[in-house]
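These notes concern the structure reproduced below.
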Amino acid sequence: MKLTQGCFSFLPDLTDDQITKQVQYCLANGWAVNIEFTDDPHPRNTYWEMWGLPMFDLQDAAGVMMELAECRRVYGDRYVRISGFDSSHGWESVRISFLVNRPPQEAEFELVRQEVGGRAIRYSTVRKPAAHASQ
C-alpha cells in the first residue's frame, strides 16, 4: 500500500530532479528547508526525527540535496520527507511537505470502527502488522 502523505502523494514518486526543483522553489520563496525521517508514518505522528538543523538562508538546492543523499544513505529503510517552512508574519508555518524516500516494505493501516453509547461511532487508524512472505 502506497502511503499518501503530503504534497504530490497521489503522483508517482518524485525524481531527484523534481525534488531539486521543489527545493529551489522553497528557497526562492525564502522558506527554511528541513529533512525529517521516521519509521512510524501514522497520520497522527507529527514528531518525525530531524536530519540536522533546518537550512535557513540557502540560495542553492544543491546543499539540501547533498544532505538528502546522506540521510537516504543512513536511513534508506525509512520514510524521509522534506518540508519548507515560511517564517513570514501571518504564515509562520509549513507551506510544503512531501515524501522523498519510502522503505522497501510500506506500512499498512486499517480503519477500525467502534460503536459506543448513544449510537455514536468512533473510528481509529491502526497500523497492521507487517506481512511476512511465506516460505
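Source: prediction; values computed, not measured. Side chains included, hydrogens not; waters and symmetry mates left out as well; all remaining heavy atoms used.
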Side-chain heavy atoms under 4.5 Å apart, restricted to Ile/Leu/Val/Met/Phe/Trp/Tyr: what other residues fall into the cluster of [X], or is it alone?
X   : value
Y47 : none
F85 : V94
M50 : none

Run the side-chain hydrogen bond (donor to acceptor under 3.5 Å, both in side chains) test against [X] and tell me which residues pass, sequence neighbours left out.
X   : value
T15 : Q18
Q24 : none
T20 : none
R73 : E70

Measure the shortest side-chain to side-chain distance between [X] and [Y] over non-hydrogen atoms and say whether it is less than 4.5 angstrom.
X   : Y    : value
T38 : E49  : no
W51 : V74  : yes
L99 : V80  : no
D13 : R102 : yes

Could you go through residues 25-36 and list every donor-acceptor pair under 3.5 Å that involves a side-chain atom there, pairing it with any protein atom two or more places apart or in another chain?
| residue | atom | partner | partner atom | Å |
| --- | --- | --- | --- | --- |
| N29 | ND2 | Y25 | O | 2.8 |
| W31 | NE1 | D86 | OD2 | 3.4 |
| E36 | OE1 | R81 | NE | 2.8 |
| E36 | OE1 | R81 | NH2 | 3.3 |

> Got a sec: does the CD of Q59 have more than 12 other heavy atoms crowding it under 6.0 Å?
Replying inline: no

>> Is it true that, when you exclude N45 itself, more than 12 heavy atoms of the residues, nucleotides or ligands shown sit nearer than 6.0 Å to its CG?
In response: yes

>> Going by the rule ring-ring contact (aromatic ring centres under 6.0 Å, His included), which residues pair with F56 if we only count those two or more places apart in sequence or in a different chain?
In response: none

May I have the list of side-chain donor-acceptor pairs in residues 117-126 shorter than 3.5 Å, sequence neighbours left out?
none

> What residues form a side chain to side chain contact (heavy atoms under 4.5 Å, CB included) with D77, not counting sequence neighbours?
Replying inline: none

>> Once side chain to side chain contact (heavy atoms under 4.5 Å, CB included) is applied, do any residues pair with R78, and if so which ones, sequence neighbours excluded?
In response: F37, D39, Y75

> Can you check whether R72's main-chain N or O pairs, donor with acceptor, with N101's side chain at less than 3.5 Å?
Replying inline: no

Is it true that [X] and [Y] fall in one hydrophobic cluster, defined by side-chain heavy atoms closer than 4.5 Å?
X    : Y    : result
L111 : V116 : no
M66  : L58  : no
L53  : W48  : no

>> Rounded to the nearest 0.5 Å, what separates atom CD1 in I82 from atom CG in L68?
In response: 5.0 Å

